[in-house]
Structure formats: structure tokens, C-alpha cells
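A short write-up of the structure that comes next.
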Amino acid sequence: MRVSTSLIPLAALMAGACASKAEQPAAPAAPPPAAYAQLLDKDGATKGRAVLTEARGGVDVGLVLEGWPAGTYAFHVHGVGLCTAPDFTSAGSHFNPTGAKHGQHKGDLPNVTVGADGVGRVEARIEGATLYSGETPILDTDGAAVVVHAKPDDGVSDPAGNAGPRLACGAVVTK
Ligand SMILES: [Cu+2]
Ligand SMILES: [Zn+2]
């Protein structure tokens, strides 16, 4: 008996939910727009993976590096989705749709620290950026790439943070 009385409010809630669904039919919730990059070194070996997810107010970036020497490395989004070995200069400069100085580029991301296990992870948000929408999306006509450098980014030296050579690069793709 106690069970059936406790079901009454639940039934009412479900009826309410059904009513509101009937008013506004029925799209399955779409996953947030996302893109990916597989980072390769100059020899074509896989060195990590990044996921970029468009969220309200920014783009969330997650990076995992594997098989690196322990250390701290600069990590950026660069403005061209082309990774030509060995130096990856084909990826262009830091993503910078606002014409800012280094340290304020939309493509400036936190340094990634790799431990003794060879693994490093970073999660960061690019505030005010978009992946596909708006006037200055990361994935514009010439795409974008994620790049990891030989040295940490000092956060100030214009235009590239004195981060040294580009060791790994991944063009951002939608699948
Ligand atoms: Cu870079
Ligand atoms: Zn920069």
C-alpha cells in the first residue's frame, strides 16, 4: 500500500513530462560539436590525441600525450590545418582571430607536463572561441592544427612564446 501511494507523485511528474514533450516535439539531444586531432612526429609516429568540443562561450580542448620524454612542452592551436614534416611550419602561426599579441592568442594553451610514465594531459578552455559557428571559427577554410613544441611556452615572448621547434602536429578534423 505504501508503495502504491508513493507512486502517485511520480505518475504525476511523468504525465507532466509527457505533456511538455507533446508541446515541443522531439529532437534527440545532439552531441556537442566536436573535432579531433591525432598528433604525429616528424617520422609519422603517433604521439598523442586532442579533442576539441564547442561549448557555450568557448571551445574545450583536451590533450593526451603518450610516449614522450619527461618534461614540459608548449601546446597551441595553430591557424592552418596542415602538418608537413619535418618542421611543421606549414601549420602557420598561433590561432589569433583578434590580432592579439602572444599570451592572448586564442590558440595559446597551457603547457603540458609529461611525467616519468611518458604521459601528459591538459584540459583547457579557449574562451570566446568557436569551432564551427560565428565569424572566426577555429575550423575556417584553411582549418587548424594542434602543435606541441620542444620547450615550454614562456607566455609572453611574441609571437610564439620562445617554445622552440615543433615536435608533433595534428590537423584538426571532424572525424
Ligand atoms: Cu605552437
Ligand atoms: Zn601565441
Side-chain angles (χ1 to χ4, degrees), residues 33-55 57-115 118-175:
Y36 310 90
Q38 182 181 21
L39 287 98
L40 304 179
D41 69 10
K42 64 179 170 43
D43 301 318
T46 297
K47 302 300 286 184
R49 181 173 164 83
V51 180
L52 294 81
T53 308
E54 188 170 290
V59 171
D60 293 323
V61 182
L63 172 73
V64 178
L65 299 182
E66 289 178 327
W68 289 68
T72 304
Y73 304 92
F75 172 43
H76 309 123
V77 175
H78 286 240
V80 181
L82 187 62
C83 293
T84 304
D87 60 9
F88 304 122
T89 55
S90 57
S93 307
H94 299 176
F95 177 58
N96 183 25
T98 61
K101 296 242 186 212
H102 178 67
Q104 304 295 322
H105 296 150
K106 296 289 188 201
D108 295 345
L109 291 165
N111 291 326
V112 55
T113 297
V114 172
V119 176
R121 293 172 201 277
V122 162
E123 290 189 8
R125 164 166 284 210
I126 305 175
E127 295 288 348
T130 59
L131 208 47
Y132 302 107
S133 59
E135 303 263 309
T136 56
I138 291 173
L139 290 174
D140 56 4
T141 52
D142 62 359
V146 292
V147 174
V148 175
H149 293 256
K151 297 198 290 178
D153 188 319
D154 67 14
V156 292
S157 298
D158 207 43
N162 193 28
R166 305 173 180 194
L167 295 189
C169 183
V172 179
V173 296
T174 53
K175 285 203 170 146

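Counting starts at 1 for both ligands and their atoms, in listed order.
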Problem set entry | Pairwise distance CG(Asn111) to CZ(Phe75) - rounded to 0.5 angstrom | 11.0 Å

Problem set entry | the Cu ion (ligand 1) to nearest N/O/S of His78 less than 2.8 Å | yes

Problem set entry | From Cys83 atom SG to Leu40 atom CG, the distance as rounded to the nearest 0.5 Å | 7.5 Å

For this session: Could you name all protein N, O or S atoms found under 2.8 Å from the Zn ion (ligand 2)?
Result: His94 ND1, His102 ND1, His105 ND1, Asp108 OD1

Problem set entry | Considering all heavy atoms, the nearest Glu54-Ser133 contact | OE2-OG, 3.2 Å

Exercise. Within the side chain of Lys106, is there an N or O that forms a donor-acceptor pair under 3.5 Å with the backbone of Glu127?
Worked result: yes

Exercise. Are more than 12 heavy atoms from other residues, nucleotides or ligands located less than 6.0 Å from atom CZ of Arg121?
Worked result: no

Problem set entry | Identity of the N, O or S atom of His76 lying closest to the Cu ion (ligand 1) | ND1

For this session: Please determine, by modelled atom types, if Asp108 and His76 share a side-chain donor-acceptor pair under 3.5 angstrom.
Result: no

Problem set entry | Shortest non-hydrogen separation from Gly161 to Asp153 and the atoms involved | CA-OD1, 3.3 Å

